[in-house]
Amino acid sequence: MYEWEKESPLIIHSARGSYLEDTRGRRYLDGVSSLWVNLHGHRKKEIDSAIRRQLLRVAHSTLLGLASPAAIELAEKIVRIAPPGLEKVFYSDDGSTAVEVALKMAFQYWQNKGGSYTRKKKFVRFPNAYHGDTLGAVSVGGIDLFHGIYRPLLFTTITGPSFYCYRCSFGKRRESCSSECIASLKGLLRRRRDEISAIIIEPLVQAAGGMIVMPRGHLAAIKDLCRTYGILLIADEVAVGFGRTGKMFACEHEGVTPDILVLAKGITGGYLPLAATLTTRDIYNAFRAPYRAMKTFFHGHSYTGNALACAAALANLEIFRKEKIIEHLPPKIHLLSRILEKARGLPHVGDARQCGLMAGIELVRSKTTKEPYPSSSRMGHRVCMRARRDGLIIRPLGDVVVIMPPLSVSAKALAKMGETIFRSVREETE
Ligand code: PLP
C-alpha cells in the first residue's frame, strides 16, 4: 500500500474487449488478462447474457447435499474436454482452494486404501512452484519471496529438482543437458516411494515462478515415473489451462492424464471465481462407501459450484467450441515468438521464454554472467510502470516481465504491446 499510494493509484472503472478504462477515462491494454483469468475479452456478449439468464433462475444454492443444473451440465462438459480418464469433478471457488482439495484428496486416497499405503503421506514439490496462497498450497510452493516467512506454519514436503533451464542447478546448458533433473527426480522417487503420496506440478510452465518453461518431454517423463513408483500426479493447470499454452490443457501437449487435475482462473472466461478439481474413477471409488466406513471427503465451501459462475463457465466453453478459439491461436503465438525474438536482442534481456500465449522476459544486469539486478532496483516493476504510461498494464514477477494477454487479443494490439514492452525495457535498462 505504501508504494501503491505513492504511485498514484489506478482505478479501473469499466472495460471492453482487451482494454480496461480507468476512472479518468484512460484506456489500457489488459496485458495480463486481469491476472491470467480473462480469455475472450471483457464484456463478452455471450458470457454477459448467460449470467443474466441464470440470474433470472437462481444466483446460488448450495452444492452441499444438493445439486444444480448448471453445475451438472458443466461437470459433464469439462469431463468431455479433459484428458481422457478424468471422470469426476469436485467444485470449489478459486485456484488455491482447488489445490487444497487436490492435496487432501491425494492424501486421503492412500489413507482410505489402508494397509501399508497409509505411510504415503508426503508431497513432492518443486523449486519456483506456485500453487496459491492458502497454507496447504503454500506448503507445496517454492518461491521464497512469497512463502519463506510461513515455513514454520507449513507441513513438511520433499523438494524435487528445479526445471529452470536458464539457471540450471546442474550447471548444464541446452547442448550438454541429459535431463539430469529427471534422473535426480527418478532417484528420489525410487528411494522414497513408500512415503510419497503425490507429486504436484504446474505442467509446462511454472507461471508465478517467472514463466519458467519446462523442456519438452519432461511432463510425460514425470508421469511415467509416477506410474512406475505408484505415486499420484497432481497437475495444477490453474494458470496454463483453457488455451493459454496453445491447447485446451497443457497436459495434452504430451498426452498425459494426471491422477488429479486442478482448474480455475480461465474456467469462467475470467468473469467469476470458480474452480474444479478433476480426478479418476479409481480415486473417486476409494471414497465411495457407506458413511460408517468413514471414507467421506469432508470438504466444502459456501460458494462451491456457484450457479452464476457455472453459467459463465458453460458460456466460456461454448465460445471455445463455436469460435474455434484453439484453432485460431497459432498465428498469435507465432507473432508473440517474433516479439520475443526481437526482445532477446536487447542488452539486458537474459532470457525470453514462451509457451503458447504465455511469455516472460527475464531482465539481467549482465547478459554474459546472468547476474540479476539487485532486488532494491525493482527493475521489473520499473519497466511495467513505464509501460503503463504508454497504455499497457503488465505485471512483473521479480525481474521477469510477464506477457499474458487475453486469447482474443488482436494481432494489432499484440504487436503494439510488443513495441511498448520493447521500448520500456530499453529505456529503463539503459
Ligand atoms: N495455481 C497456480 C498454478 C497459479 O498460478 C495460481 C495463481 O496464480 C494458483 C494456483 C492460485 O489461484 P488463485 O489465485 O485463484 O487462488
Side-chain angles (χ1 to χ4, degrees), residues 37 62-64 67-68 70-112 123-125 129-141 197-203 207 223 226 231-242 248-252 256-268 272-288 295-306 309-310 313-314 316-317:
V37 298
T62 183
L63 277 205
L64 275 62
S68 76
I72 294 169
E73 203 187 322
L74 179 61
E76 280 170 1
K77 295 221 159 121
I78 291 182
V79 164
R80 235 177 274 156
I81 58 169
L86 294 168
E87 297 179 26
K88 297 290 170 184
V89 177
F90 192 100
Y91 288 115
S92 60
D93 311 338
D94 53 43
S96 307
T97 54
V99 164
E100 300 290 337
V101 168
L103 297 173
K104 286 171 70 179
M105 204 180 262
F107 178 88
Q108 193 176 341
Y109 168 74
W110 296 112
Q111 298 304 306
N112 283 0
F123 291 92
V124 174
R125 69 180 174 110
Y130 180 81
H131 298 287
D133 282 342
T134 51
L135 287 178
V138 171
S139 296
V140 291
S197 153
I199 287 186
I200 178 162
I201 53 162
E202 293 162 84
K223 173 67 196 177
C226 286
I231 289 164
L232 300 179
L233 178 65
I234 303 173
D236 175 354
E237 293 223 17
V238 169
V240 295
F242 297 100
M248 192 55 136
F249 300 113
C251 285
E252 286 174 37
V256 163
T257 294
D259 300 284
I260 300 179
L261 176 70
V262 184
L263 303 174
K265 285 196 188 278
I267 193 169
T268 60
L272 287 164
L274 180 73
T277 305
L278 274 66
T279 194
T280 58
R281 189 169 288 274
D282 171 48
I283 293 184
Y284 173 82
N285 282 341
F287 292 82
R288 199 168 180 277
K295 294 193 167 181
T296 306
F297 187 56
F298 287 106
H299 190 112
H301 298 281
S302 312
Y303 283 100
T304 281
N306 173 266
C310 288
L314 280 165
N316 170 36
L317 296 187

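Count residues from 1 along the sequence.
Between atom OG1 of residue T277 and atom CG of residue L263 there is a gap of 8.0 Å, rounded to the nearest 0.5 Å. Rounding to the nearest 0.5 Å places CZ of F90 at 13.5 Å from CD1 of I283. Going from atom CD of E100 over to atom OG1 of T134 covers 3.5 Å, rounded to the nearest 0.5 Å. To the nearest 0.5 Å, atoms CG (L272) and CG (N306) are separated by 7.0 Å. Residue I267 holds its CD1 atom at 11.5 Å from CG of D94, rounded to the nearest 0.5 Å. Separating the CG atom in L232 from the CD1 atom in I200 is a distance of 11.5 Å, to the nearest 0.5 Å.
Distance alone, capped at 3.5 Å, places no donor-acceptor pair between the E202 side chain and the V238 backbone. Of the possible polar contacts, one joining the S96 side chain to the D133 backbone as a donor-acceptor pair under 3.5 Å is found. With hydrogens and angles disregarded, no donor-acceptor distance shorter than 3.5 Å links the side chain of T304 to the backbone of G300. With hydrogens and angles disregarded, no donor-acceptor distance shorter than 3.5 Å links the side chain of E87 to the backbone of R281. Looking only at distances, no side-chain donor or acceptor of D93 sits under 3.5 Å from a matching main-chain atom of P273. The backbone N or O of P84 sits less than 3.5 Å from a side-chain atom of T257, completing a donor-acceptor pair. Judged purely by atom type and a 3.5 angstrom limit, Y91 uses its side chain to pair as donor or acceptor with the backbone of A75. Remark: side-chain polar atoms of T62 are paired, donor with acceptor, to backbone N or O of L64 under 3.5 angstrom.
In this structure the side chain of L86 reaches within 4.5 angstrom of the side chain of T280, judged on heavy atoms. The shortest side-chain heavy-atom distance between L317 and L74 falls under the 4.5 Å cut-off. Side-chain contact between C310 and L274 is present, with heavy atoms from C-beta onward closer than 4.5 Å. Counting heavy atoms from C-beta on, the side chains of P203 and V256 never come closer than 4.5 Å. Side-chain contact check for Q108 versus F297: some heavy-atom pair is nearer than 4.5 Å. The closest side-chain heavy-atom distance from Y109 to N285 is not below 4.5 Å.
Using a 4.0 Å cut-off between charged side-chain N and carboxylate O, K223 and D259 make a salt bridge. Ion pairing of E73 with K77 is present here, as a side-chain N (NZ or NE/NH1/NH2) and a carboxylate O approach within less than 4.0 Å.
In plain terms, the two heavy atoms of A198 and I231 that are nearest each other are CA-CG2, 3.8 Å. Minimum heavy-atom separation, P83 to F249: CD-CD1, 4.1 Å. Pairing each heavy atom of I234 with each of F123, the nearest pair is CD1-CE2, 4.2 Å. Shown here for C226 and I199, the closest heavy-atom pair between the two residues is SG-CD1, 3.7 Å. Heavy atoms only, all atoms of each residue included: T268 and A309 are closest at CG2-O, 3.5 Å. The nearest pair of heavy atoms linking V99 to A137 is CG1-CB, 3.9 Å.
Ring orientation note: the planes of H301 and H299 are nearly perpendicular, at an angle over 60° on the 30°/60° scale.
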